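In what follows, a single structure is set out as structure tokens and then discussed.
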2 protein chains.
Amino acid sequence: MIAKRSIFEHMLSKKTKYGIKALIYLSKQEDKTPVQIEAISKSENISRKFLESILLTLRKNGFLGSKKGKGGGYYLIKDPVDIKMSSVMRVLDGPIAMVPCVSLNFYEKCDDCPDENACAVHNLMVEVRDSTLHIFNNKSLADLIK
Amino acid sequence: MIAKRSIFEHMLSKKTKYGIKALIYLSKQEDKTPVQIEAISKSENISRKFLESILLTLRKNGFLGSKKGKGGGYYLIKDPVDIKMSSVMRVLDGPIAMVPCVSLNFYEKCDDCPDENACAVHNLMVEVRDSTLHIFNNKSLADLIK
DNA sequence: CTTTAATCCTATTAAATCTATAGGATAATA
DNA sequence: TATTATCCTATAGATTTAATAGGATTAAAG
């Protein structure tokens with residue numbers, strides 16, 4: 001009874017998806033009062049501990065600020081307009097797409113491919129990379145919430 | 001010493017990549033004489049047994065024909081012009097991208113998401129799906145080899 | 001100054017998936 | 001009948017993702 005997978009199934013890891021949802025949640029807050037993990041977790045149906053690690057990553061990478069102790073929590077420290085989806089996805093990593101030989105930031109040569117300029121698969125994936133990146137580069141958190 | 005992954009790393013599984021390479025190899029044959037797995041395996045640096053299972057899948061899905069016994073092997077039974085990349089990728093499955101809730105063919109609801117029309121992540125991924133699918137739908141095996 | 005509430009941090013487990021291999025069954029050729 | 005090659009199913013190994021555990025740290029409140 002396992003549903004067959006589509007070619008689009010795992011572009012977005014749960015980690016990244018949850019991260020974006022948390023960012024959306026935080027950007028909808030009226031003021032910049034810290035919000036507790038628990039609140040976001042419940043509202044968005046995300047495992048408390050898993051979300052904790054995700055928010056930690058977002059904080060360490062300059063998206064969120066935090067406050068410890070009573071009344072503590074997380075809050076956005078960037079303007080949603082300045083948070084590009086591509087940067088969020090890079091930070092939360094998760095394998096989203098394609099082959100390493102096509103990566104701009106973390107290029108890696110394919111073991112099997114002697115000449116990638118002559119590799120038709122490579123060139124196809126470059127095309128997909130560019131179109132996808134174009135979308136993620138031009139979509140901000142602010143765009144997502146409107 | 002593990003290289004950090006990019007957001008584009010695993011869009012294309014090795015299975016699919018090898019499958020496309022095999023199809024390209026076969027489409028470059030002069031005549032339709034069967035080619036043995038071994039020959040493709042060596043030429044493209046693909047594990048013999050792994051490739052065997054991939055070719056089997058391609059045959060069962062109408063891309064290849066085969067012949068057993070001496071002088072046997074695989075051969076293309078469709079015109080490269082009629083082999084769309086999207087259909088190859090669907091057949092060889094491999095998790096390529098995105099979230100199941102965005103799949104046209106194998107839709108699946110997200111556990112965490114009560115209303116996906118209101119889900120900003122969902123809508124973002126629909127956009128990426130469409131742009132990627134557009135490329136794969138309009139790229140044939142024939143396009144790849146020229 | 002003690003209690004309580006929250007994040008911080010590292011490590012580890014569990015589950016899923018992809019990659020690859022094994023080994024024999026089947027079929028075709030010579 | 002020997003040889004060559006695909007057919008087929010099962011399984012092992014490796015990698016990655018998802019999730020959990022448990023305590024350390026910090027801050028507020030009384």
Side-chain angles (χ1 to χ4, degrees), chain A residues 2-7 9-19 22 26 33-41 45-61 64-75 92-97 99-100 108 110-112, chain B residues 1-7 9-19 22 26 33-41 45-61 64-75 89 92-97 99-100 108 110-112:
Chain A
I2 297 162
K4 195 170 186 309
R5 269 167 285 114
S6 91
I7 61 171
E9 177 151 0
H10 289 129
M11 176 154 198
L12 195 70
S13 66
K14 289 198 172 182
K15 190 172 179 179
T16 304
K17 180 174 140 194
Y18 292 163
L26 289 172
T33 313
V35 178
Q36 294 155 30
I37 297 173
E38 191 70 20
I40 305 174
S41 158
N45 300 305
I46 305 169
S47 139
R48 167 76 171 66
K49 273 294 192 179
F50 193 24
L51 179 60
E52 186 179 324
S53 70
I54 294 167
L55 295 178
L56 205 54
T57 303
L58 288 172
R59 195 216 58 186
K60 285 183 177 172
N61 285 278
L64 302 179
S66 67
K67 198 187 163 194
K68 282 186 173 181
K70 191 164 191 177
Y74 287 95
Y75 52 92
L92 295 176
D93 75 77
I96 298 190
V99 275
E108 223 172 306
C110 297
D111 295 332
D112 56 300
Chain B
M1 260 309 296
I2 297 162
K4 196 170 184 309
R5 271 165 285 115
S6 91
I7 60 171
E9 178 150 356
H10 290 128
M11 175 152 198
L12 194 69
S13 67
K14 288 198 173 182
K15 189 171 181 180
T16 305
K17 180 174 142 195
Y18 293 162
L26 289 172
T33 313
V35 178
Q36 294 155 29
I37 297 173
E38 191 71 19
I40 306 174
S41 157
N45 301 304
I46 305 169
S47 142
R48 166 76 171 66
K49 275 294 193 180
F50 194 23
L51 180 59
E52 188 180 324
S53 71
I54 294 167
L55 294 178
L56 205 54
T57 303
L58 288 172
R59 195 217 61 188
K60 286 183 176 171
N61 285 278
L64 302 178
S66 67
K67 198 187 162 194
K68 282 184 175 184
K70 190 163 189 177
Y74 287 93
Y75 51 92
M89 303 186 96
L92 295 176
D93 77 75
I96 300 190
V99 274
E108 222 172 303
C110 298
D111 295 331
D112 55 301

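Numbers restart at 1 for each chain; the letters A, B, ... are given by sequence-line order, proteins then strands. The structure displayed is predicted, hence computed values, not measured ones.
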- prompt: How does protein contact run along nucleotides 22-30 of chain C, one letter per nucleotide 5' to 3', with B for base contact, S for sugar-phosphate only, - for none, heavy atoms under 4.0 Å?
  reply: BB--BBBS-
For [N] and [X] - does any side-chain N or O of the residue sit under 4.0 Å from the phosphate oxygens OP1/OP2?
X	N	value
B:Ser66	D:dC7	yes
A:Ser47	D:dT20	yes
A:Arg48	C:dA6	no
B:Arg59	D:dC7	yes

To the nearest angstrom, how far is [X] atom [atom1] from [N] atom [atom2]?
X	N	atom1	atom2	value
B:Leu51	D:dA5	CG	C1'	14 Å
A:Leu92	D:dA18	CG	C1'	14 Å
A:Leu58	C:dT7	CG	P	14 Å
A:Ile54	C:dC8	CD1	P	14 Å
B:Leu55	D:dA5	CG	C1'	13 Å
A:Gln36	C:dA5	CD	C1'	8 Å
A:Tyr18	D:dA19	OH	C1'	10 Å
B:Glu38	D:dA5	CD	C1'	11 Å

query: Of all the nucleotides listed (D:dA18, C:dT7, C:dT19), which has the minimum atom distance to the side chain of B:Lys14?
result: C:dT19
- prompt: Which of these nucleotides, C:dT21, C:dC9, C:dA6, is closest to any side-chain atom of B:Phe50?
  reply: C:dT21
Which atoms form the tightest heavy-atom contact between [X] and [Y], and what is the distance?
X	Y	value
A:Tyr75	A:Ser66	CE2-N, 3.6 Å
B:Gly72	B:Pro34	C-CB, 3.6 Å
B:Ala22	B:Leu55	CB-CD2, 3.9 Å

task: For side chain to side chain contact (heavy atoms under 4.5 Å, CB included), just list the numbers for A:Tyr18 and A:Asn45, CA-CA rounded to whole Å, side-chain angles, deciding distance to a tenth of an Å, and then say yes or no.
output: CA-CA 9 Å; A:Tyr18 292 163; A:Asn45 300 305; over 6 Å; no
- prompt: From A:Ile54 CD1 over to A:Lys17 NZ, what is the distance, rounded to the nearest 0.5 angstrom?
  reply: 11.0 Å
- line: d(A:Leu26 CG, A:Ile40 CD1) to nearest 0.5 Å is 4.0 Å
- prompt: Do any N or O atoms from the side chain of A:Ser41 and from the backbone of A:Ser47 form a donor-acceptor pair under 3.5 angstrom?
  reply: no
- prompt: So what does B:Ile37 touch, heavy atoms closer than 4.0 Å: a base, only the sugar-phosphate, or nothing?
  reply: sugar-phosphate
